[in-house]
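Order of listing sets the numbers, starting from 1, for every ligand and every atom in it.
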Amino acid sequence: MDYNEIKKADREVFDAIHGELERQRSTLEMIPSENYCSTAVLKAMASIFNSKYSEGYPGKRYYGGQEFVDAVENLAIERAKQLFGAEHANVQPYSGSPANMAVYYALLEPGDKIMGMSLAHGGHLTHGHRVSFSSKYYKAVHYGVDKESHLIDYDEVKKIALQEKPKLIIAGATAYPRKYDFKAFGEIAQEAEAYLLVDMAHIAGLIAGGVHPNAFPHADVVTSTTHKTLRGPRGGLILSKREYAKAIDHAVFPSLQGGPHEHVIAGKAICFKEAMGEDFKKYAKQIVKNCKVLADRLMENGLDIITGGTDNHLVLADVTSKGLSGKQAEELLEEVGITVNKNMIPFDPRKPFDPSGIRLGTPALTSRGMEESEMEYLAELIVKALDNPENSLVKAGIREDVKELCSKFPLYPDMEVQG
Ligand SMILES: Cc1ncc(COP(=O)(O)O)c(C=O)c1O
């Protein structure tokens, strides 16, 4: 990719892009919701589809000149359906939050009750948190995880669902390190006469790669982002059973969105094709293998890992046993070039801005080609940093080790951005 034109047009923006590329290249990205898409996807997002208005859907648009837009959107739709075994796909949502909003808009009336996992136990803001539209326009009730095991207690979910009678139950979270039992959620939803929405934003790539069970046929509707484990462009996706197709399409456009971002939809089409390949299956498997090794090594070195391990791409660690808060750990690790995020742990006695935990993930590092041995080494570096928060010499040494590891796994090696 040639960035010289940006350099000529706008030096300040160019400097920011250059700085960000260097930052990404020289640090270890362990935020579980981040990833590196292919250069093909990046190029599609910078393509001439950016210019085109195409309100409506393939074959039914409000503007002319749609031959190629229809072709690319149809490709994305058909591939999404095939990849996840869905009867219907809408590839227009701008991102994960608008996708969830569109589902609520399609299936619910204002004031209806929704039931999702509480944010404090790993749920997402759009699952009914008090600061989100989802609790202002809908009545939100929550389920959480078991106090001892920190696993979803399906009997408890059932009890709350039958008591509260929500119209929609949401399965899926941002910080749950274990597999979801979508069959159990489906049975609960059926008994409670609720719709089941699976928000697979975090695990879409794991489902596509066959290392996590699929949400269909148990879910009525499935939402996702395309930029996390799925490793595509920044965007959203709604899949559903055929009977909800019309309501969902209408909710996305014209109810909530205007013109679709066809340049991003082109990126989604490529991403879905990539995710159907054998290489992606290996990639998804490796994400989980890496994460298990990371969790095991961190535990062996005295970190309390929530649920005692992981089945997916993320690890939730309580860092208070190291005498640190989550915020301190996040800052400390950033200093040595390891990017993680502070996170609440279930039943956290601390506050969200300075919680007890950190959330670490392996999707981005696995995209760089790292495997189990790098995870073992990395766990050592993380623990060494957490054990030496005040030791500048040790921290400087770890920063150099991180840079060296990064240089062995070059990021976007063909991308030339000369500052
Ligand atoms: C489970 C879940 N749903 C929805 C979203 C929202 O996606 P976006 O940030 O693209 O709006 C996220 C993002 O982190 C998420 O983790």
List the steps, then state whether ring pair (Phe, Tyr, Trp, His ring centres under 6.0 Å) holds for F84 with F216.
CA-CA 8 Å; F84 295 105; F216 291 116; 8.5 Å; no
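Classification of the F182-F185 ring pair by plane angle, with boundaries at 30° and 60°, yields tilted. Relative orientation of the Y94 and H261 rings is parallel, given thresholds of 30° and 60° on the angle between their planes. The aromatic rings of Y137 and F133 are tilted relative to each other, their planes meeting at an angle between 30° and 60°.
Residue, atom and distance of the protein heavy atom nearest to atom 4 (C) of ligand 1 are D199 OD2, 3.4 Å. Closest to atom 10 (O) of ligand 1, if we only count protein heavy atoms, is S95 OG, 2.4 Å. Considering only non-hydrogen protein atoms, atom 16 (O) of ligand 1 sits nearest to T174 CG2, 2.9 Å. The nearest protein atom to atom 5 (C) of ligand 1, hydrogens excluded, is given as H124 NE2, 3.3 Å; this is a heavy-atom distance.
Below 3.5 Å of separation, one finds an N or O of S97 facing an N or O of ligand 1.
Using 4.0 Å as the threshold, K228 has a heavy atom nearer than that to some atom of ligand 1. Proximity of R234 to ligand 1 is not established, as no heavy-atom distance is less than 4.0 Å. For A173, the heavy-atom gap to ligand 1 drops under 4.0 angstrom.
Listed by number with element, the atoms of ligand 1 under 4.0 angstrom from any heavy atom of H202 are 16 (O). Of all atoms in ligand 1, numbered sequentially from 1 with element shown, those under 4.0 Å from a heavy atom of T225 are 7 (O), 10 (O). Using a 4.0 Å cut-off to heavy atoms of H227, the atoms of ligand 1 that qualify are 10 (O).
With hydrogens and angles left out, the side-chain atoms of Y143 and S118 include no donor and acceptor closer than 3.5 Å.
The closest donor-acceptor contact from the side chain of S134 to the backbone of L125 lies under 3.5 Å. Proximity of a side-chain donor or acceptor of Q92 to a complementary backbone N or O of E55 within less than 3.5 Å is not detected.
The part of A201 lying near ligand 1 is the side chain, judged by heavy-atom distances below 4.0 Å.
Annotation: cation-pi pair R231/Y36 absent, no NZ/CZ under 6.0 Å from the ring centroid and within 45° of its normal.
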